[in-house]
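Some notes on the structure that comes next.
So that the names make sense, note that chain A is the first sequence line, chain B the second, and so on, each numbered from 1.
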Amino acid sequence: MHHLTEQELVRRENLNKLVSAGIEPYPSTTFEVNSFAIEIKNNFADGDQTYQSVSLAGRLMSRRIMGKASFGELQDNTGRIQIYISRDDICPGEDKTLYNDAFKKWFDLGDFIGIKGYAFYTQMGECTIHVTELKLLSKALRPLPVVKKDEDGKVHDAFTDPEQRYRQRYVDLVVNNHIKDVFVKRTRMYNSMRAYLNAKGYLEVETPVLQPLYGGAAARPFTTFHNTLDMKLYLRIANELYLKRLIVGGFDGVYEFSKDFRNEGMSRYHNPEFTQIELYVAYKDYLWMMDLVEEMVEKVALDMHGTTKVQVGENIIDFKRPWKRYTMYEAIQHFTGIDISNMDETELRKTAHELKVHVDNTMGKGKLIDEIFGETCEGNLIQPTFITDYPVEMSPLAKKHATKPGLVERFEAICNKKEICNAFSELNDPIDQRQRFESQLELGKRGDEEAMMLDEDFLRALEYGMPPTAGLGIGMDRLAMIMTNQNSIQDVLFFPQMKPEKE
RNA sequence: GAUUUGGUAGCUCAGCUGGUAGAGCAAUACACUUUUAAUGUAUGGGCCCUGGGUUCGAAUCCCAGCCAGAUCACCA
């Protein structure tokens with residue numbers, strides 16, 4: 001129990017006084033709500049016979065007491081509306097306790113109240129509820145930050161400290177009502193994608209979070225332990241290998257919104273747990289998948305904003321199809337003027353030095369190309385752009401390119417300088433897949449902590465035969481950042497991971 | 001991890017080259033029946049992040065640490 005502040009003590013005293021007066025501070029009750037703040041404000045016109053018997057519930061967020069009458073603001077799920085309370089309306093009899101003592105002294109800002117009354121316009125022209133019945137629904141024992149707007153609309157005492165906002169998101173949501181919009185939009189984004197994929201007939205599935213072997217991506221995992229099985233388990237870093245098993249099993253299209261966990265650094269783009277959607281569709285390849293991504297993301301933008309154009313920071317990003325497409329070699333040539341498509345490792349290393357790209361001796365050909373691309377191209381790609389045909393060394397789960405040796409059939413979509421999706425024609429040749437795993441094991445032995453594990457059961461599944469399959473992963477948090485114009489992943493997660501709060 | 005900025009009342013923040021801790025809002029008390037950042041009068045409220053040091057004296061200067069933000073590098 002922390003030390004109580006003066007204001008917390010006052011609120012506890014107020015609670016006791018309410019109880020003494022026979023007013024239950026936490027009544028067990030339902031309160032029938034028939035209207036909402038913003039709905040009334042948007043629809044009520046002076047003189048209308050509508051909204052003459054309304055019932056609302058929410059927090060009391062401000063109070064202006066003028067003797068026997070008071071104004072205040074009630075904040076419900078939709079927003080705020082002014083309320084007008086006159087003593088003799090809520091206390092028609094001799095007993096004025098509810099107004100004189102309870103409302104004026106013992107209620108506090110932040111308390112949940114239920115009101116009944118009728119809408120009207122004040123002399124100042126503000127849509128207001130004239131309260132005829134007032135009921136305390138739940139007492140608040142801690143003071144909320146009081147954020148105010150002056151007559152020019154300028155905000156005072158804004159609750160902006162990011163640490164407090166993230167740690168006490170409940171306060172952030174109450175006080176900074178616009179924060180809700182970000183999360184409502186995020187859910188709308190999920191709904192839009194679900195609707196799109198369901199309409200195509202793909203099945204939403206669930207696969208294990210606790211995995212005896214982790215796989216499907218290059219990343220360091222979290223480990224945990226199962227007592228009864230007496231075994232080490234990993235929290236998944238991707239769900240790719242399980243979804244492909246389902247394609248082996250005969251589903252033509254499966255997808256999963258997957259909460260994944262990676263034990264790596266944190267930044268404004270990285271949270272230890274994050275969400276991806278992964279989609280696998282049988283009898284398709286990566287070129288087909290590229291069309292799907294364009295179509296789906298364009299639809300998401302339309303569903304969320306009513307237009308394909310989305311403001312992100314200082315840029316307007318247009319998701320209208322078709323998006324630009326470059327092979328990785330073309331992109332590098334486009335932004336540096338250098339054609340690296342026929343270079344060997346030595347020439348690539350020399351080129352990297354000339355371009356002032358930081359490389360080291362452990363890097364092979366594929367990694368060198370990837371570094372050159374990342375340094376010279378990514379930062380230039382604001383509008384959604386597909387980059388295709390990656391070096392095979394970087395893509396142990398992707399199918400070798402049908403016509404281009406050393407490359408795989410893979411693409412990423414880059415948008416606002418960041419990767420938003422990664423997709424390929426899935427490697428379904430079990431012998432090739434085993435060799436790729438084995439070269440990953442070699443990397444692991446050399447100290448690469450992100451190297452993949454060899455998954456015998458996954459190979460067994462492939463040996464039973466997997467149809468040609470296109471696979472896709474989209475970082476939902478990254479996409480949400482773009483679609484809601486937020487600068488940090490913490491702003492699109494309700495509860496971003498934080499260090500423990502000190503006492 | 002590197003660089004950098006910050007941590008003072010419930011909230012937002014002042015506090016200069018060291019000299020008794022400040023404002024607005026919130027809270028408490030009183031007044032006020034159409035206000036709206038309500039108003040007026042009065043009142044209370046502080047481990048100045050933590051620990052060392054310099055000094056007669058530290059919120060302030062120095063060192064170390066903790067926490068957080070921003071930028072950069074790597075994984076989505």
Might you list the N or O atoms of the protein lying below 3.5 Å from N or O atoms in nucleotides 68-72 of chain B, with each pair's distance?
from  : atom 1 : to     : atom 2 : distance (Å)
B/A68 : O4'    : A/E163 : OE1    : 3.4
B/U71 : OP2    : A/R268 : NE     : 3.3

Work out how far the [atom1] atom of [N] is from that of [M], and round it to whole angstrom.
| N | M | atom1 | result |
| --- | --- | --- | --- |
| B/U20 | B/G57 | P | 15 Å |
| B/C25 | B/A38 | C1' | 13 Å |
| B/U41 | B/C49 | C1' | 37 Å |
| B/G65 | B/C48 | P | 22 Å |
| B/G19 | B/G69 | P | 32 Å |
| B/C62 | B/G44 | P | 36 Å |
| B/A73 | B/A27 | C1' | 48 Å |
| B/G7 | B/A14 | C1' | 15 Å |

Rounded distance in Å - [atom1] ([X]) to [atom2] ([N]):
| X | N | atom1 | atom2 | value |
| --- | --- | --- | --- | --- |
| A/E73 | B/U36 | CD | P | 13 Å |
| A/H156 | B/U12 | NE2 | C1' | 10 Å |
| A/M481 | B/A76 | CE | C1' | 11 Å |
| A/F159 | B/C13 | CZ | C1' | 15 Å |
| A/I414 | B/A76 | CD1 | C1' | 12 Å |
| A/F71 | B/A38 | CZ | P | 12 Å |
| A/K417 | B/A73 | NZ | C1' | 15 Å |
| A/L4 | B/G46 | CG | C1' | 17 Å |

Using a cut-off of 4.0 Å on non-hydrogen atoms, how would the nucleic acid contact of [X] be classed: base, sugar-phosphate, or nothing?
| X | result |
| --- | --- |
| A/N271 | base |
| A/A238 | nothing |
| A/D477 | nothing |
| A/E126 | base |
| A/G67 | base |

Strictly below 4.0 Å, N to O, side chains only: are A/D88 and A/K96 in salt-bridge contact?
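The answer is yes: the pair qualifies as a salt bridge.
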Ignoring hydrogens and angles, does a donor from either the side chain of A/Y84 or the base of B/U35 sit under 3.5 Å from an acceptor on the other?
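Between B/U35 and A/Y84, which were checked side chain against base, a qualifying N/O pair under 3.5 Å is absent.
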Counting distance alone, no hydrogens or angles: does the base of B/U35 have a donor or acceptor under 3.5 Å from a partner atom on the side chain of A/Q82?
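By the distance-only test, yes, there is a pair.
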Got a donor-acceptor contact below 3.5 angstrom from the [X] side chain to the [Y] backbone?
| X | Y | answer |
| --- | --- | --- |
| A/Y99 | A/A69 | yes |
| A/D455 | A/G215 | no |
| A/S192 | A/Y190 | no |

G-U wobble or Watson-Crick pairing nucleotide for [N] (cut-off 3.5 Å, both distances):
| N | answer |
| --- | --- |
| B/A29 | B/U41 |
| B/C11 | B/G24 |
| B/A64 | B/U50 |
| B/U34 | none |
| B/G18 | none |
| B/A2 | B/U71 |
| B/G57 | none |

Can you name the salt bridge (charged side-chain N to carboxylate O under 4.0 Å, His left out) partners of A/R220, sequence neighbours left out?
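Applying salt bridge (charged side-chain N to carboxylate O under 4.0 Å, His left out) to A/R220 gives A/E449.
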Looking only at the aromatic ring of each residue, does the gap between the centers of [Y] and [X] stay below 6.0 angstrom?
| X | Y | answer |
| --- | --- | --- |
| A/F424 | A/Y286 | no |
| A/Y121 | A/F44 | yes |
| A/F386 | A/Y326 | no |
| A/Y166 | A/F495 | no |

Given protein heavy atoms under 4.0 Å, the one-letter contact record of nucleotides 24-31 of chain B, with B base, S sugar-phosphate only and - none, is simply BBBSS-S-
Between A/F103 and A/R63, what is the shortest heavy-atom contact and its length?
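Heavy atoms only, the tightest pair is O-NH1, 2.5 Å.
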A/E206 CD: over 12 foreign heavy atoms closer than 6.0 Å:
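Check fails, neighbour count at 12 or below.
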As a quick check of understanding, evaluate salt bridge (Lys or Arg N to Asp or Glu O under 4.0 Å) for A/K365 and A/E393, giving each step before the final call.
CA-CA 8 Å; A/K365 190 176 166 186; A/E393 295 89 341; over 6 Å; no
Map A/A69 and A/E273 onto RNA chain B by nearest heavy atom, then report which one ends up closer to the 5' terminus.
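Checking each residue's closest nucleotide, the 5'-ward one belongs to A/A69.
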Between A/S62 and A/S86, which residue's closest nucleotide on RNA chain B lies nearer the 5′ terminus?
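Upstream on the strand: A/S86.
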Please state whether the rings of A/F222 and A/F261 are parallel, tilted or perpendicular, taking 30° and 60° as the class boundaries.
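Judged by the thresholds at 30° and 60°, the geometry between A/F222 and A/F261 is perpendicular.
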Candidates B/U33, B/U12, B/A76 - which lies nearest the side chain of A/T160
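Out of B/U33, B/U12, B/A76, the nucleotide with an atom closest to A/T160's side chain is B/U12.
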By nearest atom, which of the nucleotides B/A76, B/C74, B/C13 is closest to the A/E371 side chain?
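Between B/A76, B/C74, B/C13, the one nearest the side chain of A/E371 would be B/C74.
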Run A/N485 and A/Q311 through side chain to side chain donor-acceptor pair (under 3.5 Å) and show every step you take.
CA-CA 7 Å; A/N485 191 15; A/Q311 181 87 39; over 6 Å; no
Please report the interatomic distance CG(A/L210) to OG1(A/T223), rounded to the nearest 0.5 Å.
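Separation between the atoms: 11.5 Å.
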Close N or O pairs between protein and nucleotides 1-4 of chain B (under 3.5 Å):
none

What residue among A/L427, A/V254, A/L397, A/N239 forms side-chain contact (heavy atoms from CB on, under 4.5 Å) with A/K244?
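Exactly one option meets the side-chain contact (heavy atoms from CB on, under 4.5 Å) with A/K244, and it is A/L397.
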Can you sort out which residues in residues 89-103 of chain A have a heavy atom within less than 4.0 Å of RNA chain B? Ascending by number, please.
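By residue number: none to list.
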Set of residues satisfying side-chain hydrogen bond (donor to acceptor under 3.5 Å, both in side chains) with respect to A/Q52, sequence neighbours excluded:
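side-chain hydrogen bond (donor to acceptor under 3.5 Å, both in side chains) list for A/Q52, sorted by chain: empty.
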Are OP1 or OP2 of B/U35 and a side-chain N or O of A/R64 less than 4.0 angstrom apart?
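So the side-chain polar atoms of A/R64 never come under 4.0 Å of the phosphate oxygens OP1 or OP2 of B/U35.
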A cation-pi test, strictly: NZ or CZ of A/K259 under 6.0 Å from the centre of the six-membered ring of A/F274 and no more than 45 degrees from its axis. Yes or no?
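The answer is no; the distance or angle limit is not met.
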